[in-house]
Participant: 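Attaching a single structure in structure tokens format; questions to follow.
For clarity, every value in this text was computed on a predicted model and none was experimentally measured.
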Amino acid sequence: MKQFIGYVMIICFFPLIYLLAEKIWEEAAQAQAHQQQLEEEIQLPEIKSQLPVKMFDRNGNLFDEDYVEWREPLSLDEIPEIVKQIFILSEDRDFYQHIGFDMSAIMRAVVANAAVNSIQQGGSTITQQLVRILYLSEEKTYERKLMEIFYAHELEKLYEKDEILEMYLNEMYFANQVYGIGGAATYYFNKPLQELSVAQMAFIAAIPNNPSLYDPLKNFENTKARQERLLDLLANEQIITAEEANTYKNEPIKLNIKQKTQKFPDYSTYVLHELKQLIAENEGYTEKMEQATPEAKKLVQKELNEKVKELLHSGIIIHTALDSEKQNQIENSIDSLLTIPNLQASAVVIDNSAREIVSIYGGKNYKKYDFHRAYQAYRQPGSSFKPLIVYAPLFETTNYTPASTVNGGKFCIGNFCPQNYGGAVYGNVSIKTAFKYSLNTAALRLFTQVGVDTAFEYLNQFHFESIVEADQNDSAALGGLTYGVTVVEMADAYTSFIDGSYIRAHAIRKVTDLEGNVLYEWPTERKQIWSEQTVQYMRSLLSEVVRSGTGRGLYANSSYIGAKTGTTNDYKDFWLAGLSNEYTASVWIGYDQPKSMQSLERAKIHFNIFNQIIND
């Protein structure tokens, strides 16, 4: 009787089987016509993966990770054999025999699903599961299932079995935004997969079958129960012995959840900003931007943004010049100095020998991706700008020396009549005196000797991004600009006073892929801006400012220190830029919404900051 009922059921299912076969042949015929197009759509999974971006300091220590999805891709050779066996035995025993799909398994699923009038059992091979992860939705319909079968077959034609298995093991979802067996090992146990015990390997291998049900952070007991079933499966297949299975079942599972490394947000945020500049320089976007019309610039910028996004998703390693100890020191010391409500600061320190940014301060209590005052806050630089726009070009193009005289009396160019500090009027003074006391009238007189065009020819060799054509006027001599400059730009330009040579200061040493291949580096060739004599004069003048001028109170644990102060109209900005034999640094303090800081002048907070950051 049971046998008779069985025959009747099979006959009843013939129409369903016929309809299914008809749909398969329809899909196959349509797919044949578009085979080339579909093959182009089937690409390696790296295109859709979002791998972590890792940053390392100058000593090779990890200090920052950026990711939405945590992944640690592994080659198949790096994955222990027992892990491969777990997934093949539990998910697809005939993986190395089928052509992407298993028709007998599909038919069994059809019969089972027909009994409950829904799609529940999938009969999916590893290849089909990979297709679903990469290209299709989780929607349970026969139409989607047919496309899954076709894509699986196409994938099997494009890749070897081991390649498919490797992709599968790296793309599976392990709950909590973790993808791939390598990522699961480092996320749940904070160790590489190869260092896990068999019990731990089986535990994480239990998750992908149903990431919600077997999420170990929410349903630990469910995960443990499935782990034990997988160990029994290995024992039944004689991969391990029954005794070993019991031993592994009894091994305590203690999770050690990975915490995202996010140290030094001031520095890491700047690194991501610099990365975009590095790509633009290397890929020709900077040149395109300079030559493009305003409308075309938007398209170039969009193209650059897409390039950066693609690179970030590919999983890169950024090797930086960060001095972690110094960065930690300046963050703590500057935070402690900013005791006045809403008072802010920014600072940068550059290593003189390599012209590398070793530490940077973006603002008090800075959080990643906040407004970064070191490179995003453009403020008027005041007299700290004079060495770059007036004095160095003066020595470079004339016979003036620090001992030459200049009149410090009242001076106007048209309606532009600047005053000296406190309205003081001087007669003839040496350039050394005019410089160390920051006489505005003397600086303007000397600027006319240089000429606006000549002064800006020198200035434009540096990377002041917000200096515009409208700035080419006499007020620039005193740091009066349309938008202003940043502390990064000021310190960068002041490095030219180390020895007269210049190359853009950088935080990034190199960018590599996961295999260590170098993708991007900054150029190393330096340009000579100032002559040896000009450098000698400028270093002497900067040193005199500290010894007996407006910079008294500054010091460095070095055989040399020189600096220039800057105070803007109504005391809205306090600046310091200078160098020792080891470092070049720049400091700004002020309010985000500019207001007078005259009451803070004697406190010399920016002096204290400079002293902290210029010394080790």
Participant: Apply side-chain contact (heavy atoms from CB on, under 4.5 Å) to Y369 and L272, showing your working.
Facilitator: CA-CA 10 Å; Y369 304 122; L272 293 175; 3.5 Å; yes
Participant: Do we see a donor-acceptor contact under 3.5 Å between the side chains of E331 and Q327?
Facilitator: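 Side chains of E331 and Q327: pair found under 3.5 Å.
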Participant: Quick check on N59: does its CG atom have over 12 non-hydrogen neighbours (other residues, nucleotides or ligands) under 6.0 Å away?
Facilitator: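 Check passes, neighbour count above 12.
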Participant: Would T584 and N352 count as having a side-chain donor-acceptor pair, cut-off 3.5 Å?
Facilitator: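 Yes, because at least one side-chain N or O of T584 sits under 3.5 Å from a partner of the opposite role on N352.
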Participant: Does a side-chain heavy-atom distance below 4.5 Å link M597 with H606?
Facilitator: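 Contact flag for M597/H606 side chains = no.
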Participant: Has the side chain of K276 got a donor or acceptor atom that lies under 3.5 Å from a matching backbone atom of L304?
Facilitator: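 Looks like no, no N/O pair under 3.5 Å.
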Participant: Using a distance-only test with no angle check, is there a side-chain donor-acceptor pair under 3.5 angstrom linking D215 and N176?
Facilitator: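 Checked: D215/N176 side chains pair up, N/O donor to acceptor below 3.5 Å.
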Participant: May I ask you to check whether over 12 heavy atoms, not counting those of Y483, lie within 6.0 Å of atom OH?
Facilitator: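 Atom OH in Y483 is not packed in, count stays at 12 or less.
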Participant: For F203, what residues pass the ring-ring contact (aromatic ring centres under 6.0 Å, His included) criterion, not counting sequence neighbours?
Facilitator: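 Here the qualifying residues are F220.
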Participant: Determine yes or no for a side-chain-to-main-chain donor-acceptor pair under 3.5 angstrom, with Q376 supplying the side chain and H372 the backbone.
Facilitator: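 Checking the backbone N and O of H372 against the side chain of Q376, a donor-acceptor pair under 3.5 Å is found.
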Participant: What verdict does the salt bridge (charged side-chain N to carboxylate O under 4.0 Å, His left out) test give for K224 and E228, after you've listed the backbone C-alpha separation in whole Å, the side-chain angles of each residue and the deciding distance to 0.1 Å?
Facilitator: CA-CA 6 Å; K224 185 69 176 72; E228 294 182 4; 2.9 Å; yes
Participant: Quick one: do the S558 and E582 side chains pair a donor with an acceptor below 3.5 Å?
Facilitator: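 Present: a donor and an acceptor within the cut-off.
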Participant: Please verify the inter-ring angle class for W522 with H506; under 30° counts as parallel, over 60° as perpendicular, anything in between as tilted.
Facilitator: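 Tilted, since the angle between the ring planes falls between 30° and 60°.
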Participant: Using atom types as modelled and distance alone, determine if a side-chain donor or acceptor of Q380 lies under 3.5 Å from a backbone N or O of L481.
Facilitator: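 Present.
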Participant: Parallel, tilted or perpendicular: which describes the rings of Y67 and W70, with under 30° parallel and over 60° perpendicular?
Facilitator: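 Geometry flag for W70 against Y67: tilted rings.
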Participant: Tell me, please, which residues at least two apart from R526 pass side chain to side chain donor-acceptor pair (under 3.5 Å).
Facilitator: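 For R526, no residue satisfies side chain to side chain donor-acceptor pair (under 3.5 Å) once neighbours in sequence are set aside.
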Participant: Would you say L196 and Y188 make side-chain contact, with heavy atoms under 4.5 Å?
Facilitator: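 They are not in contact (no side-chain heavy atoms under 4.5 Å apart), so the answer is no.
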Participant: Between S580 (side chain) and I561 (backbone), is there a donor-acceptor pair under 3.5 Å?
Facilitator: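 No.
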Participant: Does NZ or CZ of K564 fall inside the cone over F497's six-membered ring, less than 6.0 Å from its centre and within 45° of the axis?
Facilitator: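 No, K564 and F497 do not form such a contact.
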Participant: Surrounding NZ of K191 (heavy atoms of other residues, nucleotides or ligands, distance under 6.0 Å), is the total greater than 12?
Facilitator: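 Count over threshold, so yes.
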Participant: Does this structure show an ion pair linking K307 with E303, if we count only N-O contacts that are shorter than 4.0 Å?
Facilitator: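 No salt bridge links K307 with E303.
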Participant: Closest heavy-atom contact between N608 and A603?
Facilitator: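 Looking at all heavy atoms of both residues, the closest pair is ND2-O, 3.9 Å.
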Participant: Please check this pair: side chain of S384 against backbone of A577, looking for a donor-acceptor N/O pair closer than 3.5 Å.
Facilitator: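 No, S384 side chain to A577 backbone: no donor-acceptor pair under 3.5 Å.
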Participant: Using modelled atom types and a 3.5 Å cut-off, is there a donor and acceptor pairing between side-chain atoms of N222 and backbone atoms of L213?
Facilitator: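 Confirmed, N222 side chain pairs with L213 backbone.
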Participant: Determine the sole option in E274, E356, E521 for which the salt bridge (Lys or Arg N to Asp or Glu O under 4.0 Å) test with R509 is passed.
Facilitator: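 With R509 as partner, salt bridge (Lys or Arg N to Asp or Glu O under 4.0 Å) holds for just one option, E356.
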Participant: Indicate whether any N or O donor in one side chain lies under 3.5 Å from an N or O acceptor in the other, for D323 and S359.
Facilitator: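 No, because no side-chain N or O of D323 sits under 3.5 Å from a partner of the opposite role on S359.
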Participant: Once side chain to side chain donor-acceptor pair (under 3.5 Å) is applied, do any residues pair with Y502, and if so which ones, sequence neighbours excluded?
Facilitator: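 In terms of side chain to side chain donor-acceptor pair (under 3.5 Å), with neighbours along the sequence ignored, Y502 is linked to H463, D492.
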Participant: Tell me if a side-chain donor or acceptor on Q227 pairs with a main-chain N or O of A199 at a distance below 3.5 Å.
Facilitator: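 Yes.
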Participant: We want to know whether Y361 and D335 form a side-chain donor-acceptor pair, criterion being a heavy-atom distance below 3.5 angstrom.
Facilitator: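 A donor-acceptor contact under 3.5 Å links the two side chains.
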Participant: Do any N or O atoms from the side chain of N615 and from the backbone of N611 form a donor-acceptor pair under 3.5 angstrom?
Facilitator: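 Yes, because the side chain of N615 sits within donor-acceptor range (under 3.5 Å) of the backbone of N611.
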Participant: Give a yes or no on whether the backbone of L278 and the side-chain of N282 come within a donor-acceptor separation of less than 3.5 Å.
Facilitator: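 Yes; judged by distance alone, with no hydrogens or angles, the pair exists.
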Participant: Hey, does the side chain of E195 reach the backbone of P192 with a donor-acceptor pair shorter than 3.5 angstrom?
Facilitator: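 Here the side-chain-to-backbone pair does not exist.
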Participant: Which residues pass the ring-ring contact (aromatic ring centres under 6.0 Å, His included) test with Y270, not counting sequence neighbours?
Facilitator: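 ring-ring contact (aromatic ring centres under 6.0 Å, His included) list for Y270, sorted by chain: H273, Y375.
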Participant: Check E171 against I133 and note the closest heavy-atom contact, atom names and distance.
Facilitator: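 Between these two residues, the closest heavy atoms are O-CG2, 3.8 Å.
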Participant: Does any non-hydrogen side-chain atom of L255 lie less than 4.5 Å from one of F189?
Facilitator: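 Heavy-atom side-chain distance check passes, below 4.5 Å.
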Participant: Is the CD atom of E325 crowded by more than 12 outside heavy atoms at less than 6.0 Å?
Facilitator: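 No, because the 6.0 Å sphere around CD of E325 holds 12 heavy atoms or fewer from other groups.
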Participant: Using side chain to side chain donor-acceptor pair (under 3.5 Å) as the criterion, list what pairs up with D499, not counting sequence neighbours.
Facilitator: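 Only R355, S501 meet the side chain to side chain donor-acceptor pair (under 3.5 Å) criterion with D499.
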Participant: Might you confirm whether atom CD of Q194 has over 12 heavy atoms from other residues, nucleotides or ligands at distances under 6.0 Å?
Facilitator: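 Above 12, so yes.
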Participant: Going by the salt bridge (charged side-chain N to carboxylate O under 4.0 Å, His left out) test, which pairs reach into residues 253-270, not counting sequence neighbours?
Facilitator: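 Every pair satisfying salt bridge (charged side-chain N to carboxylate O under 4.0 Å, His left out) with a residue in residues 253-270: E65-K258.
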